[in-house]
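Owing to the predicted nature of the structure, the values given are computational and were not obtained by experimental measurement. Within every chain, numbering begins at 1; the chains are lettered A, B, ... in the order of the sequence lines, protein sequences first and strands thereafter.
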Amino acid sequence: MTAAAAGALRRLARVTDRVPPRDRADLPPRWEPSEVEGPRYERWVAAGYFTADADSGRPPFCVVIPPPNVTGSLHIGHALEHTLIDAVTRRRRMQGYDVLWLPGMDHAGIATQNEVEKQLRLDGKSRHDLGRELFVDKVWNWKRESGGAIFGQMRRLGDGVDWSRERFTLDEGLSRAVQTMFTRLYDDELIYRAERIINWCPRCETALSDIEVDHREEEGELVSLRYDLAPAHGSRGDGEGSVVVATTRVETMLGDTGVAVHPDDERYAHLVGREVELPIVGRRIPVVADEAVDPEFGTGAVKVTPAHDPTDFEIGQRHALPAPSILDEVAVVTGTGTRFDGMDRFVARTAVREELRAQGRVVAERRPYLHSVGHCFRCDTVVEPRLSLQWFVRVAPLARAAGDAVRDGRTRIHPPELAKRYFDWVDNMHDWCISRQLWWGHRIPVWYSPEGEMRCLGPGERPPPGWEQDPDVLDTWFSSGLWPISTLGWPESTVDLARYYPTSLLVTGYDILFFWVARMMLFGLYAMDGRPPFETVALHGLVRDELGRKMSKSRGNTVDPLEWMDRYGADALRFTLARGANPGADQAISEAWVEGARNFCTKLWNAARFALANGAQVSDALPPRERLSDADRWILDRIDAVAAESDALLEDFQIGKATEGLYHFTWDEFCDWYLELAKVQLASASAAEPTRAVLGHVLDVVLRLLHPVAPFITDVLWTTLTGRESVVVAPWPVGGAAPSGQDPDGGAAERIAGVRKLVTEVRRFRADQGLAPGQRVAARLSGVDGSGLAAHEAAVRALARLADAGAGFAPTATLQIGVGGRTVLVELDTSGSIDVPAERARLGKDLATTEKELVGCESKLANPRFAERAPADVVAMIRDRRDAALADIERIRARLAALPT
RNA sequence: GGGCGCGUAGCUCAGCGGGAGAGCGCCCGCCUUACAAGCGGGAGGUCGCAGGUUCGAACCCUGCCGCGCCCACCA
């Protein structure tokens, strides 16, 4: 039988005959999150803990949720974001704020429309087969049936949102906000309609804004073409000379209406004003001089396709060139009068190139040629620049205000490094194309008369008979830009708007700073008379896979937070994400991390079970100082310090560090040392009672501190410990007096450090000597009196498993351990000879490190400049360290010398 | 082409002027009456490279190398 199997058998035996003591609190031996979390959440909701109360008289604290798409389900990024928001708002609630965390969803124009169109396609239909009205009905139906799956998942995570204030961007009230905003901007001439080159997705058949286009380096081809000079009018024969232009999209040459060179480019000066003949098409097009051309680049001559390139469009405008479109809305060549009409753009690209090659027009080809290509952020189709009539927001005046609000500190961006990115964007923002050729969304509130007259109508205004509404809808970011004000009731003067605006905090990913945050700043400042929508914007990073790679469906390295919650519980997932959250920085995650967090929950659970089983209790006041042991005082000091630290970190959104600190306190100090020391105290009649009080107190505070991050387990344990209603509404244990109400006791801390050192040293020796942990070793301690550890001998013996030195005590080894400036002697009877080589090896290693330490200190102290310039406390510290090293070396040598040979 | 950030233990990351840290992984030992989802002990790092500032540099400055991200109308 293997040792493991034997252990398992013994374990089984023990478990079977273990009878739960009478006084053990009624906690199951194991934390089973799946059974407890759901009901616990519903209890919180039913109790109204998450419902904001404007009349409460408490200070308001408001966060609006970054609205997930109605099509979405909870992914790991949401889980992170929600954990952070929930942690912050739970702490605020405990601090006594009237907290409003407002939930809702975004109608997500393209994404949702795509989803429903995909279903139609299964039936072989398109949205056009249904017509606009029926299609939109169908989307609403879809929303009712399948939308908002994420809300249920948010409940599982434990999100403390106010469900009574749930919003959807297409709700009546929010739609009114959109229409009002549009009308105001229109009246202020901040919205206009114009024919411009916009980004067009030929699959979604709609315009996109600049930021909805993903640029990626891709392999394409660069083809250089020779355009020959056309014969001057009235003359005969071929022209004299030619010009070479290059393009990555050869098919666009069908729409060329000019060639441009730089005005100062002498190479081409003689051509300016002449015409070249466009191959295939046969059109004569002028050579113009324009500053936009870089004479250093390529040949210094550019083909001009005004309808399919933004720069070309501007050149065309300046030189009154025509702008014929050669691609329709699905990117099929059209209207060129060539045989390429009807071809898809990519087919045409090859066909045109081959035709030109056949005509001897291709003077050079580079393939593959790496260049940047834009893709639709929704469907990844290659975007086509296209000339079309669209609506735009004139952003310059709005953007200036949005920049200023951050510059003058009305809104704080956290971490501050990211503010620069915000400025870069806000200060260089192009006008924003807000019209989309979709059916799902807020329809543009502009009507046209049959005569072409145009009128923008606000909510409640009716168009004259016979007028038609603009068919386009608004960019989905238009309504999400209004989110912080529309959800609170704007444009009405609601109680909520007055109370909760500006919102206290926005927590969102840095990747959405431009898409969303900047837009909310623009609109919020405009609509609310220069009051920005947030006091603070806290940006978090992306969740990556365990190797730090970006997660993507195509890479197949995405993770499912729901599965992890099933397996390990919501608290474990939240704890993992919180622990890895450093402001503005990405974090890597894997199942092993979540498992570790689950283990922490188990640890906490067992510690609480132990404490409760031993009568831990929370009372109004701790026992008087003189009844407390060093261990009690030490742990009380520590919990005070940890509470203060973690509170300060949370205040600064350093959630990862706060969580890390609590993890280590709970595990390394409270469980590993205090609980072990408490066992000794509980065995003593006089110390047991104060110990129970300290255990109860520390547990109480730890649970409250951990609650924002791990709400479920802490609530179960805390209610069991205190008998109170819920930790959700318990007071935050920081602020005002220190939690324990005690002054720090440095002496106690020092003595406990001494105990830990003694115990660790003995354990080290035991491990090296191969003594089983269960084996008691007879020992005699001396020198403890002067070290201040006299009162702790029992504890040291218990933790280091040392038995009394009875009759016939024959020490085989002597450990000399420096504690508090004294040397404690531990003589051990290992019942047999000791492993001298092992002991010698270890002492040798200790000696080497200590000597190195000594040399470091000595050389510093020997440096006259050090004494001169270093601060006194540093000098003192180095001196102490040197003295300690000297003493250690002496001890180690003595022990080496004492070893039998 | 601009801007930002990062290179610290095998992996993921803290630390950001005075003793190189954590989690996971690894090695050894162990049921030790809260916890084997655990306990005890341990190994492992010229803190990317090169200069500089400083009594002292993983930490500040400069340069270089290697990664990553954001922005930009390189035809």
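Of the possible polar contacts, none joining the R598(A) side chain to the G569(A) backbone as a donor-acceptor pair under 3.5 Å is found. A donor-acceptor pair is defined here as one N or O able to donate and one able to accept, closer than 3.5 Å; such a pair exists between the side chain of H414(A) and the backbone of D652(A).
In this pair, W31(A) and W605(A) present their aromatic rings tilted. The plane angle is within the 30 to 60° band.
Residue Q587(A) is the one, among A884(A) and Q587(A), whose nearest nucleotide of RNA chain B lies closer to the 5' end (criterion: closest heavy atom). Map C671(A) and E546(A) each onto its nearest nucleotide of RNA chain B; the residue landing nearer the 5' end is E546(A).
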Q. Yes or no on side chain to side chain donor-acceptor pair (under 3.5 Å) for E212(A) and S209(A), after CA distance, side-chain angles and deciding distance?
A. CA-CA 5 Å; E212(A) 287 169 320; S209(A) 68; 3.2 Å; yes
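Taking a pair as Watson-Crick or G-U with both hydrogen-bonding distances under 3.5 Å, the stems of three or more pairs touching RNA chain B are B:1-7 with B:65-71, B:10-13 with B:21-24, B:26-30 with B:38-42, B:48-52 with B:60-64.
Between K845(A) and G42(B) there is no side-chain polar atom (N or O) within less than 4.0 angstrom of OP1 or OP2. One finds no side-chain N or O of Y510(A) lying less than 4.0 angstrom from the OP1 or OP2 phosphate oxygen of C4(B). Regarding contacts with the backbone of G19(B), a side-chain N or O of R881(A) is found under 4.0 angstrom from either OP1 or OP2. Contact annotation: K657(A) reaches the phosphate of G15(B) (side-chain N/O to OP1 or OP2, under 4.0 Å).
Residues that satisfy the ring pair (Phe, Tyr, Trp, His ring centres under 6.0 Å) test with F600(A), not counting sequence neighbours, are F575(A), Y663(A).
Between K603(A) and C671(A) the shortest side-chain heavy-atom distance falls below 4.5 Å.
In this structure, D210(A) atom CG and C70(B) atom P are separated by 16 Å, rounded to whole Å.
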Write down the protein N/O and nucleotide N/O pairs, taken from nucleotides 38-40 of chain B, whose separation is under 3.5 Å; answer none if there are no such pairs.
residue : atom : partner : partner atom : Å
G38(B)  : OP1  : N599(A) : ND2          : 2.9
G38(B)  : O3'  : K603(A) : NZ           : 3.2
C39(B)  : OP1  : K603(A) : NZ           : 2.7
C39(B)  : OP1  : W667(A) : NE1          : 2.7

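Side chain R249(A) to base A75(B): no donor-acceptor pair is found below 3.5 Å.
Taking CE of M253(A) as the start and OG1 of T305(A) as the end, the distance is 9.0 Å to the nearest 0.5 Å.
Contact between T299(A) and V244(A) at its shortest, heavy atoms only, is OG1-O, 2.5 Å.
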